[in-house]
Amino acid sequence: MKSVVSSSSYGGKRRWKGLIIVVLGLIILSMLVPLLFLLNLHNGFHSPSGYIHQHKTSSTQNAIERYNVGHKHNRLEGEQLNRLQDLITKFEPTLPKDALKKYGGEDKNGTINMGSNDDKLRGLKVPPNAVQQPPPSSSNNSRVGHIDQVTRAKTSSNDEGRKSCELTFGSYCLWQQEHREDMKDVMIKKLKDQLFVARSYYPSIAKLPAQDKLSSELKQNIQELEHVLSESTTDADLPPLIEKKSHKMEVAIARAKSVPVDCNNVDKKLRQIFDLTEDEADFHMKQSAFLYKLNVQTMPKSHHCLSLKLTVEYFKSSHYEEKAAVEKFKDSSLHHYVIFSNNVLAASVVINSTVMHAKESQNQVFHVLTDGQNYYAMKLWFLRNKYKGVAIQVMDVEHLDLDSQKGDPLHLSLPEEFRVSFHDVDNPSMSQIRTEYISIFSHSHYLLPDIFRSLNKIVVLDEDVVIQQDLSALWNLQLGEKVNGAVQFCSVRLGRLKSYLGQKGFSPNSCSWMSGLNIIDLVRWRELGLTQTYQRLIKDMSIQEGSMKGSAWGASLATFESKIYALNESWVVSGLGHDYVIDTQVINTAPVLHYNGKMKPWLDMGIPRYKSYWKKFLNKEDQLLSECNVYS
C-alpha cells in the first residue's frame with residue numbers, strides 16, 4: 001500500500017515538473033520570437049516620418065537587390081530574401097500614386113488661400129478659402145498675383161524654404177532671418193554627428209571577419225567620443241586634443257564607407273537621425289513662432305505700468321475739461337480726426353505727430369475712442385499733456401448711448417489686420433512671393449455716423465501711424481458720390497474674392513483698400529445706410545463661414561465696393577511693421593507712415609531702424625514715462 005502511494009505521488013511530482021518546464025519554455029519562446037523578428041526584419045521597415053513610397057518597392061528593398069547583385073559573396077539565401085521582400089511589401093505604408101505630387105506643395109503654380117494659418121494681430125483669423133479664381137493681369141500693377149495657400153513645402157532650396165516658412169508663419173520668418181545667429185558649439189555638434197554615423201556602420205562592420213581591425217578601431221573611437229561627450233556640453237569643455245580624435249574618427253568612418261556591407265542597418269540608422277533632426281527642427285520652429293506671436297500680441301510691461309499709474313492718479317485728484325474745448329467737439333466747421341486705440345502712447349504719438357506738422361493746429365479736433373479699461377488713463381494723459389492747445393476728446397465706446405445699438409452691448413474693436421501673400425503673374429515662382437498685412441475697418445468703425453451725429457466729415461487714423469506732413473489737403477478733396485477716401489491695394493481685387501463675398505453687382509477689377517488714413521463723408525454714409533448694409537452682410541457671412549470675426553474683412557470690402565475714393569498711393573508708406581527693406585528716402589518723404597504688420601514700433605520686436613520715426617514724437621518730459629521705464 002505504501003509503495004502505491006509513493007509511486008503515485010512521485011508520478012504527480014513528475015507531471016508538475018514537466019508542466020512547469022513546458023510553461024517556462026513557452027514564456028522563453030514568447031520572448032525570443034519577437035526579439036528575433038525585430039533583429040532580423042526590422043531593418044526593412046521605415047520609421048513613421050521616413051521617406052514616402054510612390055511604388056510598392058521600398059528603398060530598402062532596392063538596396064538589398066543592389067547589394068545582392070554587386071556583392072555575391074555576401075548574398076542572402078533565396079528563400080530568406082523572398083520572405084523578407086514579402087514582409088516588406090506587406091507591411092510598408094500604402095499611399096496613393098500621386099502622394100509625392102501632393103506632398104510638400106510640389107505644385108508651385110496652384111491657387112493659394114489667404115494666410116489661413118496665421119492669426120491676425122489681435123486674434124482674428126484670416127478668412128479661409130478666400131480665393132479660387134486667378135486675377136486678371138494688369139500692366140499697371142506688377143504685384144497682382146496668386147493669393148497663397150499655406151502648405152508645408154519641403155525643399156532643398158534655401159530661398160524656397162524661407163518663402164514656405166513665410167507662408168506658414170508670416171512675419172516671424174522675416175524677423176528670424178534678421179536675427180539669425182551663428183551656430184554655437186560647432187565641434188560638439190560635429191562629434192555627435194560622427195558618433196551617430198560610426199554607430200550606424202559598426203554593427204555591419206563587426207559581422208565581417210575580415211574587418212576585425214577596422215571593427216576594433218571603430219569601437220575604440222566610439223568609446224572615446226562617448227566619454228568626451230559625457231563630460232562636455234560646450235566647445236569650451238572639450239579636451240585639448242579633440243581635433244586629433246575627431247580626425248581619427250573621420251578616417252575610420254571613411255574606411256567603413258568603403259567596405260561593402262549590408263545597407264539595412266546603415267539605412268535604418270541614418271533614417272533615424274534624419275527623422276530626429278527634422279522633428280527637432282520643426283519643434284523648435286513652431287516653439288519659436290509661438291513665442292514670437294505671444295510677444296507681438298502682448299502689451300509691454302512698461303505700457304501696463306503707465307496705464308495703471310495714470311488710472312490711479314486720475315482718481316486721486318479732480319479734473320475738468322475746458323468749456324471752449326467741449327464746444328469744439330461738435331463744431332462741423334473744424335477738422336475732426338478720429339482714433340480707435342487702447343494704447344496711451346500710440347494714440348499720443350498719432351496726435352502729437354499730426355499737430356506738429358499742421359499749418360493751422362487751432363482748427364484740429366481729436367476724438368480718441370477707447371475701452372473702459374483704458375478710459376481714465378487716456379483721459380488723464382491728455383489732460384496732463386497739451387498738444388499746441390488742440391481739443392482732444394476721450395470717449396469710452398462701451399458706455400456710448402447710441403440709438404442704433406439699443407440693448408446691444410458695445411465693445412471696442414481695433415482695425416482688423418489680415419495677412420496676404422502674392423507673387424507676380426509674369427514670374428510665378430516661389431522666390432517672388434511677397435507677404436503684406438492689410439488693415440481694414442472693424443465693427444466699431446461702423447458706429448461712426450451715430451457717434452458723431454453733428455459732424456459731416458472726419459479723418460480716421462489708425463493707432464499705428466505717424467504723420468510727417470500737413471494733412472489739411474485732405475479736407476479740400478471732393479469725394480463726389482464716394483464715401484471713403486482710402487489708399488487702394490490692387491494686388492488683391494474683388495473678382496478674386498467672388499466665391500468668398502458671395503454676392504453679385506461688384507466689379508471684378510475693383511481693388512481692395514486699406515485703413516490707416518481714411519477721409520469719411522458721414523453725410524453720404526448715412527444716406528446710403530452703409531452701417532445697416534455692413535451689419536446685414538456680416539450676419540449673412542458669419543452664417544456661411546461660422547465666424548463673425550473672420551467675416552469682417554469680406555463684409556467691409558463688399559460694403560464699400562464702388563464707394564472708395566482712391567487716394568494717391570504717395571500719401572502712405574505702409575509695411576513698417578513687417579518689411580525690413582523699405583527705402584529710407586521713401587520713408588523720409590512720405591506724408592504718413594503706417595506700421596501695419598505684427599512688429600509695432602512700441603514693441604521690443606519692432607523693426608529697429610523704423611522705431612526712431614515713432615519714438616521722436618513721445619513726450620519725453622513726462623515723469624511717468626521714466627518711472628515705468630518706457631525708454632529702457
Test item: Glu463 and Asn342 side chains (from C-beta on) under 4.5 Å apart, heavy atoms: yes
Minimal heavy-atom distance between Lys598 and Leu603, with the atoms involved, is O-CD1, 3.6 Å
Is the backbone of Tyr375 close enough, under 3.5 Å, to the side chain of Thr370 for a donor and an acceptor to pair up by distance? no
Ignoring hydrogens and geometry, is there a side-chain-to-backbone donor-acceptor pair from Ser302 to Val630 under 3.5 Å? no
Give the C-alpha distance, both sets of side-chain angles, the deciding distance and a yes or no for side chain to side chain contact (heavy atoms under 4.5 Å, CB included) between Leu625 and Leu306. CA-CA 7 Å; Leu625 296 184; Leu306 178 63; 3.8 Å; yes
When the ring centroid of Tyr595 is compared with that of Trp602, is the distance short of 6.0 Å? no
Suppose we call two aromatic rings close when their centres sit under 6.0 Å apart. Are Phe617 and His357 close by that rule? yes
Please determine whether side chain to side chain contact (heavy atoms under 4.5 Å, CB included) holds for the pair Leu448 and Val460, giving the CA-CA distance in whole Å, both sets of side-chain angles, and the decisive distance to 0.1 Å. CA-CA 10 Å; Leu448 290 174; Val460 181; 3.9 Å; yes
What verdict does the ring-ring contact (aromatic ring centres under 6.0 Å, His included) test give for Tyr534 and His443, after you've listed the backbone C-alpha separation in whole Å, the side-chain angles of each residue and the deciding distance to 0.1 Å? CA-CA 9 Å; Tyr534 171 80; His443 304 307; 5.8 Å; yes
Check Glu621 with Arg384, please: is the shortest side-chain N to carboxylate O separation under 4.0 Å? no
Assess whether atom CD of Gln373 is packed by more than 12 heavy atoms of other residues, nucleotides or ligands within 6.0 Å. no
Compare every heavy atom of Val350 with every heavy atom of Val465, then report the nearest pair and how far apart it is. O-CG2, 3.4 Å
Just so I know, are the side chains of Leu624 and Leu310 near enough to count as touching, which here means a heavy-atom distance under 4.5 Å? yes
Does Met605, at its CE atom, have more than 12 non-hydrogen atoms belonging to other residues, nucleotides or ligands within less than 6.0 Å? yes
Quick one: closest heavy-atom pair of Ile519 and Leu474, and the distance? CD1-O, 3.0 Å
Looking only at atom types and distance, does a side-chain atom of His445 sit under 3.5 Å from a main-chain N or O of Ser442, one as donor and one as acceptor? yes
Sidechain-backbone polar pair: Glu417 side chain, Ile438 backbone, donor-acceptor under 3.5 Å: no
Would you say the ring centroid of His336 lies under 6.0 angstrom from that of Phe329? no
State, to 0.1 Å, how close Lys615 and Lys620 come at their nearest heavy-atom pair, and which atoms those are. O-CE, 4.0 Å
Test Glu561 against every option in Ser510, Ser556, Ser512 by the side-chain hydrogen bond (donor to acceptor under 3.5 Å, both in side chains) rule and name the one that passes. Ser510
Between Tyr314 (side chain only) and Met378 (backbone N and O only), is there a donor and an acceptor less than 3.5 Å apart? no
Hey, are Asp464 and Lys600 close enough for a salt bridge, meaning a charged N less than 4.0 Å from a carboxylate O? yes
Under the 3.5 angstrom rule, does the side chain of Gln535 hit a backbone N or O of Leu530 as a donor-acceptor pair? no
Just checking Phe489 against Trp513, ring centres under 6.0 Å apart? no
Let me see the working for Thr298 and Lys293 under side chain to side chain contact (heavy atoms under 4.5 Å, CB included), right down to the final yes or no. CA-CA 9 Å; Thr298 304; Lys293 181 179 177 181; over 6 Å; no
Relative to the ring of Tyr437, is the ring of His578 parallel (under 30°), tilted (30 to 60°) or perpendicular (over 60°)? tilted
Heavy-atom side-chain contact between Ile564 and Lys482 under 4.5 Å: no
State, with a plain yes or no, whether a side-chain heavy atom of Met395 is found less than 4.5 Å away from one of Val368. no
Between Asn374 and Ser307, is a side chain to side chain donor-acceptor pair (under 3.5 Å) present by the stated rule, with each step listed? CA-CA 7 Å; Asn374 296 280; Ser307 181; 3.2 Å; yes
So does Pro449 get a backbone contact from the side chain of Arg526, meaning a donor-acceptor N/O pair under 3.5 Å? yes
Could you label the plane-to-plane angle of the Trp475 and Tyr337 rings as parallel, tilted or perpendicular, counting under 30° as parallel and over 60° as perpendicular? perpendicular
Min side-chain heavy-atom separation Leu345-Trp381 under 4.5 Å: yes
What donor-acceptor contacts under 3.5 angstrom involve side-chain atoms of residues 567-575, with partners at least two apart or in another chain?
residue: Asn568; atom: OD1; partner: Ser570; partner atom: N; Å: 2.9
residue: Asn568; atom: OD1; partner: Ser570; partner atom: OG; Å: 2.8

Side chains of Leu528 and Thr533, heavy atoms from C-beta outward: is any pair under 4.5 Å? no
Minimum heavy-atom separation for Asp521 and Arg524, please, with both atom names. OD1-N, 3.2 Å
Is there a side-chain contact between Tyr565 and Asn484 in this structure, where contact means two heavy atoms from C-beta onward sitting under 4.5 Å apart? no
Is any side-chain heavy atom of Lys616 closer than 4.5 Å to a side-chain heavy atom of Trp614? no
Heavy atoms only: give me the nearest Gln364-Glu360 pair and the separation to one decimal. CG-O, 4.1 Å
Could you please spell out the steps behind the side chain to side chain donor-acceptor pair (under 3.5 Å) verdict for Ser439 and Asn596? CA-CA 7 Å; Ser439 58; Asn596 57 311; 5.6 Å; no
Would you sort out whether Asn588 and Tyr613 count as a side chain to side chain contact (heavy atoms under 4.5 Å, CB included), showing the intermediate values? CA-CA 9 Å; Asn588 292 333; Tyr613 297 97; 2.9 Å; yes
Is it true that a side-chain atom of Asn295 and a backbone atom of Leu291 form a donor plus acceptor pair closer than 3.5 Å? no
Check whether more than 12 heavy atoms from other residues, nucleotides or ligands sit under 6.0 Å from atom NZ of Lys330, and answer yes or no. no
Ignoring hydrogens and geometry, is there a side-chain-to-backbone donor-acceptor pair from Ser361 to Val355 under 3.5 Å? no
Main-chain N/O of Lys457 paired to Ser332 side chain as donor or acceptor, under 3.5 Å: no
Phe315 ring center within less than 6.0 Å of Tyr376 ring center: yes
